[in-house]
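Basis for what follows: all heavy atoms, side chains included, without hydrogens, waters or symmetry-related copies. Each ligand, and each atom within it, is numbered from 1 in the order the structure gives.
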Amino acid sequence: MCGIVGYVGARESQPVLLAGLARLEYRGYDSAGIAVVDDAGKIEMRKRAGKLAVLREDLEAHPMPDGHTGIGHTRWATHGGPTDENAHPHLADDDRLALIHNGIIENFSELKADLIAEGYTFRSETDSEVAAHLVGREYRATGDLRTAFRNVVNRLEGAFTLLAVHQDEPGVVVGARRNSPLVIGLGEGENFLGSDVAAFVEYTRSALAVGQDQIVAITPDAVEITDFAGNPAEAEPFEVSWDAAAAEKGGWSSFMAKEVSEEPEAVANTIRGRIHDGVISVPELEGMDDLFRDINRIIITACGTAAYAGQVGKYAIEQWTRVPVDVELAHEFRYRDPVIDEHTLIVSISQSGETMDTLMAVKYAREHGAKTLSICNTQGATIPRESDGVVYTHAGPEVAVASTKAFVAQITALQLFALHVGRVRGTVSAAEAAEHARELESLPAKISQVLENEQAHIEQLAHWMADTRSVLFLGRNVGFPIAMEGALKLKELAYIHAEGFAAGELKHGPIALIEPGQPVFVLVPSPRHSALLHSKVVSNIQEIRARGARVIVIAEEGDAAVLPFADEVLRIPLAEPLFEPILSVVPLHIFAMGLATAKGLDVDQPRNLAKSVTVE
Ligand code: M6R
C-alpha cells in the first residue's frame, strides 16, 4: 500500500520519479505527488488526488522547476480520504522539508495533539503529516536530516517507511523503515530508493534490501545505513533477476491480460532448475532435511488468493508427506492462541512478500518457537527475510492488482515443496516423484492449450453475461479453493456478488440462492481418478439445474457425463488430480477479466484496492 520512490543523481528528477511512480502505481492509486529540491535550492512540490495521470496532466499544463534530488508517492488512503490535501508529500519546517510515508503511524493522535499544543497547524487529516512536522522540528534543532530522523523514528509506533528531502541539504534523500518495505537501487553517480525494485529497475538491477529499523541516506555517490540508534548497519545486496521490459505492458491491453498470458511461463520458470531427469531438487530447501523429518505439523498462512493457493497446497502436502496441514488466514492467526512449537513449520505464501498480515503471522510464529518457510515472488522482500527459508516463485513481476500468474506459480512451488519433503520423509518413492515431476513439466504446455482453445469462448461468454448481478462457483476437493478463487476474482475485478462453495455444502443452505437463470460455474473433477467424486459433482449439477441454474462447467477433455446438464462446457486437458487446479483456474481468470472488460472497468486497478497490502 502506497508506493514511494526517491532519487538523487545527475538526471532531472521529475521523469525518474514519475516513471518510478508509474511502476509502483499498483500499490495504490488514490493520489500521487512529487517533491524536488530545485536547482535554485528550493523545495517544489505538486500533488493531486486521483491516478498518476492526473498529476502528469497537471505537471504538463503547469510545469514545475526541476532539480536532481526528489521523492515521489502514490497513495492508498488510510487516514483521510483521497483528496489533494491528504496526498503526499507533506511539507514542514516552513515548507523547506518534504516527506512521504507508507504505512500507519498508530500513535499519531497523541503526537498530533502534542504538536497542535505546541502551535503546529495541519493541512491534512493524515497520520503522515505528524511525521513531517516531527522531522521538521528536529531538523530545526539539529540542522541535520539524518539526526532529525534518528530523533523521531523511535517515537513512532506502527509501520512506516519514510523518505524526506530538505532544501538545506540538496543532494540527499533520507529514509527509514519499520515493518514497511524499502530497497535501494545502486547506480553510477546516482542512487535510488523505492518500495520495491520496480521503482528503479529501468536504471539499475543492483539493489540493497534495507533491514528492519534502519535509516538510510543516499547521495549521488554514497549510501549510508545506520540502525535507529545511529550505529553503522548493513543492508542485504541482491541482483534483480528481471528487466524493465518484464514490468511493461508490451502491447497488451492491460497488465492482467499480459499476466494471464504468462501463466504457462510462470509455472515453467518456477520449475526451472528444480527438476533434473525426474529428480526434484529445490536448492533453497537443501540443508533443511532434519527440520522436514522433525516436523509434525504444517500451518500455511497467507491472505486472499495466496491463501487459496495454500488450500490447494494442503491436499498435495498431506498426500505426499503425510504431515497434517492447516491453512490459516494470516490476519486471524495471531489473534488467537495457536498451538505451535518447534515441531511446527509455518509456510507463508505471498506474491509481494510485504503483506503486513502475513508478515505479522510469520513474526508471531517465530517468536513462539515455530520454524518458518516463505513462498514468495519478490526478491528482497520482507517476509522471506524474516523467515528461516524461502522458495521463490519465478512468475516475474506481477503488476495487475488481481493475482493470476503468481497464483499458479505458488501452487507449483507448493507441489515442489511437498514432493521434496515427501522424498526426505520417505513417503514418496523415487518413481512416484519422477512421475509427478513429469506431470509438473507438462503443465505449461497444457495451460497454453487452455488459453488457445478457450480464451475466445470465455470472453464471448463474459460479454454475454455483462449484466449479471451474481455468480456462484462450486468445487469439491482441490476444486473448492479454485471455486473461491474464481469468486474472489469476479468480486475484485467486476464488482459482482460472487461466492465459492464446496459443492457438497450446497444442500446445507446455499442451494436456496439458486433461482432460474442464476449462473453457476462448476469445477468437475476427472472421472479417471475418482468416479465417486465425479459422480457426486455431476449430481450437484443436476440439483442446481433442476432449480433453473445456468450451468457453466469446467471439465476435462472427453468427459461426456456433464454434457446433458451443462449450458456451457469449458475444457481443460487431462492432468493428475492434484495438478488440475493449475489448469482449471485459468478459465476463471479469463472470465473475471472478460466480464470486467465488458463492463468497461479498469482490470489492472480495481476500485478501493492496492496490490501490496502493507497495513493490517
Ligand atoms: O502479495 P500477497 O500474495 O501477500 O497478497 C495477498 C492478497 O492481498 C492478494 O492475493 C489479493 O487477494 C489479490 N488482490 C487477489 O487477486
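Here Arg550 pairs with nothing under the salt bridge (charged side-chain N to carboxylate O under 4.0 Å, His left out) rule; sequence neighbours left out.
For ligand 1, the polar-atom distance check against Lys611 finds no nitrogen or oxygen pair separated by under 3.5 Å. Looking at Val401 next to ligand 1, an N or O pair under 3.5 Å apart turns up.
For ligand 1, the atoms closer than 4.0 angstrom to any heavy atom of Gly304 are 12 (O). Those atoms of ligand 1 that come under 4.0 Å of a heavy atom in Ala306, given as number and element, are 3 (O), 10 (O). Residue-ligand proximity, Ser403 to ligand 1, at heavy-atom distances under 4.0 Å covers atoms 15 (C), 16 (O). Taking every heavy atom of Ser350 and a limit of under 4.0 angstrom, the matching atoms of ligand 1 come to 1 (O), 2 (P), 3 (O), 4 (O). Taking every heavy atom of Lys489 and a limit of under 4.0 angstrom, the matching atoms of ligand 1 come to 15 (C), 16 (O).
Partner of Glu263 under the side-chain contact (heavy atoms from CB on, under 4.5 Å) criterion, chosen from Ile590, Val586, Ile582: Val586.
Taking the side chain as every heavy atom from C-beta outward, Leu373 and Leu285 approach each other to under 4.5 Å. Using a 4.5 Å heavy-atom cutoff, the side chains of His420 and Val391 are not in contact.
Taking 4.0 Å as the cut-off, Cys303 counts as a neighbour of ligand 1 on heavy-atom distance.
Phe521 has its ring centre less than 6.0 Å from the ring centre of Phe591. Taking the six-membered ring for Trp and the full ring otherwise, Phe292 and Phe417 have centroids separated by under 6.0 Å.
In terms of protein heavy-atom proximity, atom 3 (O) of ligand 1 is closest to Gln351 N, 2.6 Å. The protein atom (non-hydrogen) at minimum distance from atom 1 (O) of ligand 1 is Ser352 OG, 2.7 Å. For atom 9 (C) of ligand 1, the closest non-hydrogen atom on the protein side is Thr305 N, 4.1 Å. The nearest protein atom to atom 8 (O) of ligand 1, hydrogens excluded, is given as Val613 CG2, 4.0 Å; this is a heavy-atom distance.
Heavy-atom proximity to atom 14 (N) of ligand 1, evaluated over Met256, Glu354, Glu492, is greatest for Glu492. Comparing Thr358, Leu493, Ile383, Thr355 against atom 4 (O) of ligand 1, the shortest heavy-atom distance belongs to Thr355.
The ring pair (Phe, Tyr, Trp, His ring centres under 6.0 Å) pairs that include a residue from residues 352-381 are Phe333-Tyr364, Tyr364-His368, where partners are two or more places apart or lie in different chains.
Rounding to the nearest 0.5 Å gives a distance of 9.5 Å between OG of Ser128 and CZ of Phe108.
His463 and Gln460 are not linked by any side-chain donor-acceptor pair at a separation below 3.5 angstrom, with hydrogens and angles left out of the test.
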